[in-house]
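Taking it in order: structure first as structure tokens, then the write-up.
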Amino acid sequence: MTTSTSAPTPMIEVRELSKAYGPHKAIDRISFSVKKGEVVGFLGPNGAGKTTTMKIITGFMPPTSGVAKVAGFDVFEDPIEVKKRIGYLPETPPVYGEMTVESYLKFVARLKGVEKSRVKTLVERAIERTELGNVRHRLIQNLSKGYRQRVGISQALVSEPDVLILDEPTVGLDPRQVAEVRTLIKELAGEHTVILSTHILPEVQATCERIIIINKGKIVAEDSLESLGRRMKSSVRVYLRVGELKDGLKEQLQAVPGVHSVTNKGESFEIDTDGSKDVAQQIAARVVSSGAGLLELREEAFNLEDVFLKLTTSEENQPGAAV
Amino acid sequence: MIAGKDLRNIFMSPLFYVVAAVCSLVWWFLFIVRVNEFLQHSAMLAYQAAMSGGEQQGLPLHYYVVLSHLYAVNLVMIFAVSAITMRLFTEEKRNRTYDLLLTAPVTATEITVGKLIAGTLTAWALLGIALIYPLSLGFFADMDWGSFISSFLGIMLLTAGYVSIGMFASSLTQSLVVAVILAPILNIVLWFVGALAEGASHPTTRQIFEHLNVAIHLGNFMKGNVGISSTVFLLSVVFLFGFLTQRVVESSRWR
């Protein structure tokens, strides 16, 4: 199923999307777009609104306000056209326990509107891709959680949709399977457009080209992996341990150009700096000249984990300052 | 497609067989009792006729055995159908497979019709079991086949109505228990709507309620006359609750 939409139209377009449950706003005026063939990670703590956004894009639930479009079709106006193009893996894999893996996938393929003649080929391919070959004739209710999750992924893939929406695809899988699923998602990039949600950072790092960080129903950051990392490189944390604690050392360190803040616990210091080149050198020089005795000094760049924590926790302290 | 999947799942589950077993047990028991009574009464009549030297008059088998059997079938179906239909939607919601149906490119109508077909075919399979008893009688006795077929047709239509009602009940809730209790209540209400005619003072209201009397319409079939009005009435029960279910399914799109 290929679409005839011209290249510049984004595959998924979301504008000013809001969903309120009574007074509680699950998502609040979210806007983003995803190009064809892109893999986008939806990152946020639990309850941030990831699932809600995904459910709206799949046409499972309507938005309170705003527009969501898939391949140019409005989710609310043309739900059937949208649903034809989407493979969706919800949080809980939607499987029928009393069916076998193979018959279930055949059913889903038919349900998604695949012609009868192609069902067999597509089911074979989906089984192969998710490595379900050895359980294909077993009842789904007898499968382990990891296998069920794979059946869920298989189900989303089976109709070869343009867009894949995966809600926490690696939950319940063992580390080897997690790695396999990540490889699979990477393979899918290019021919399929993928949105996946997760609250596990390495997952995004491993699979996505672009991440959207969402917190409390709002997008707090949206960027490619590299540039988010680069942005955070501009702050470097220096760990410092001295032999004896001298009076005024903290103040002296604070005075070093490029240092944002200094916190200490006994002889150990944590110094947030702006990452300028010689700041660590200068800190070392200060410590030595003060006679405190330099025991340890190391630099550490912020990783994605820190970016995430910073973005999702800073909101209470300084609203709006995160982006 | 959905109908096929549902049918398979119904027939794969032990529930259907338990229901079928219970039904056939109840029907078998009532049927034997009734046939025995019939034999005793006919013997008594034959004896009286012989004593008085008059002409022997047989009891009408159709009215005496077949109809009472069909009424028992109907009574059992009110509950048996609910047990089958309770899973149609609640199970999908509990399994989260409802998400799959609602995110698939199918309309609410297709989902509803699929489930209605699956439910009705299952219920008719149960009726097939019920059919065995009167058919077995056909080997030994003269049957009023015309009335028998029309009565059975009536029961089939009414059962489809029960399925529709049960499906509606199941679409409203996530709980099997609620679905299985609500469905027979609605079924029984259907039977009692007609009884309101007794209390209606105005002749027109009285007529309306009389027309809504399931007993009268089913009675028509039982007597052997397949009337348009009765057929339409029973079919409209199916359509009404089918339509309501479709609205409930559709509502998840905008609610």
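In what follows, chains carry the letters A, B, and so on, assigned in the order in which the sequence lines appear, proteins first and then strands, with residues in each chain numbered from 1.
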Interface residues of residues 140-152 of chain A facing chain B - heavy atom cut-off under 4.5 Å: none

Steps toward salt bridge (Lys or Arg N to Asp or Glu O under 4.0 Å) verdict (A:E98, B:R87): CA-CA 13 Å; A:E98 62 273 47; B:R87 299 178 70 220; 3.8 Å; yes

Could you state the interatomic distance from [atom1] ([X]) to [atom2] ([Y]), rounded to the nearest 0.5 Å?
X	Y	atom1	atom2	result
B:L101	A:L111	CG	CG	6.0 Å
A:Y88	B:L102	OH	CG	10.5 Å
A:F107	B:T97	CZ	OG1	8.5 Å

Side-chain heavy-atom pair B:N95, A:V95 within 4.5 angstrom cut-off: no

B:R8/A:M99 under side-chain contact (heavy atoms from CB on, under 4.5 Å): CA gap, chis, key distance, verdict: CA-CA 9 Å; B:R8 193 164 47 177; A:M99 289 174 110; 3.1 Å; yes

Per-residue contact mode, B:E91 against chain A (heavy atom under 4.5 angstrom): neither

No-hydrogen, no-angle side-chain donor-acceptor test under 3.5 Å, A:Y96 and B:K5: yes

Atom group of A:E91 that falls short of 4.5 Å from chain B, counting heavy atoms: neither

Heavy-atom contact with chain B under 4.5 Å, split by part of A:V82: neither

Nearest non-hydrogen partners of B:T103 and A:K112, listed with the distance: O-NZ, 3.7 Å

Chi angles and distances behind the side-chain contact (heavy atoms from CB on, under 4.5 Å) call for B:L100, A:F60: CA-CA 9 Å; B:L100 177 68; A:F60 180 76; over 6 Å; no

Residues 172-181 of chain B, side-chain donor-acceptor partners within the protein, below 3.5 Å, at least two apart:
| unit_1 | atom_1 | unit_2 | atom_2 | d |
| --- | --- | --- | --- | --- |
| B:T173 | OG1 | B:S175 | N | 2.8 |
| B:S175 | OG | B:V177 | N | 3.2 |
| B:S175 | OG | B:V178 | N | 3.0 |

Best-contacting candidate, A:A156, A:P79, A:P94, A:G97, against chain B by heavy atom pairs under 4.5 angstrom: A:P94

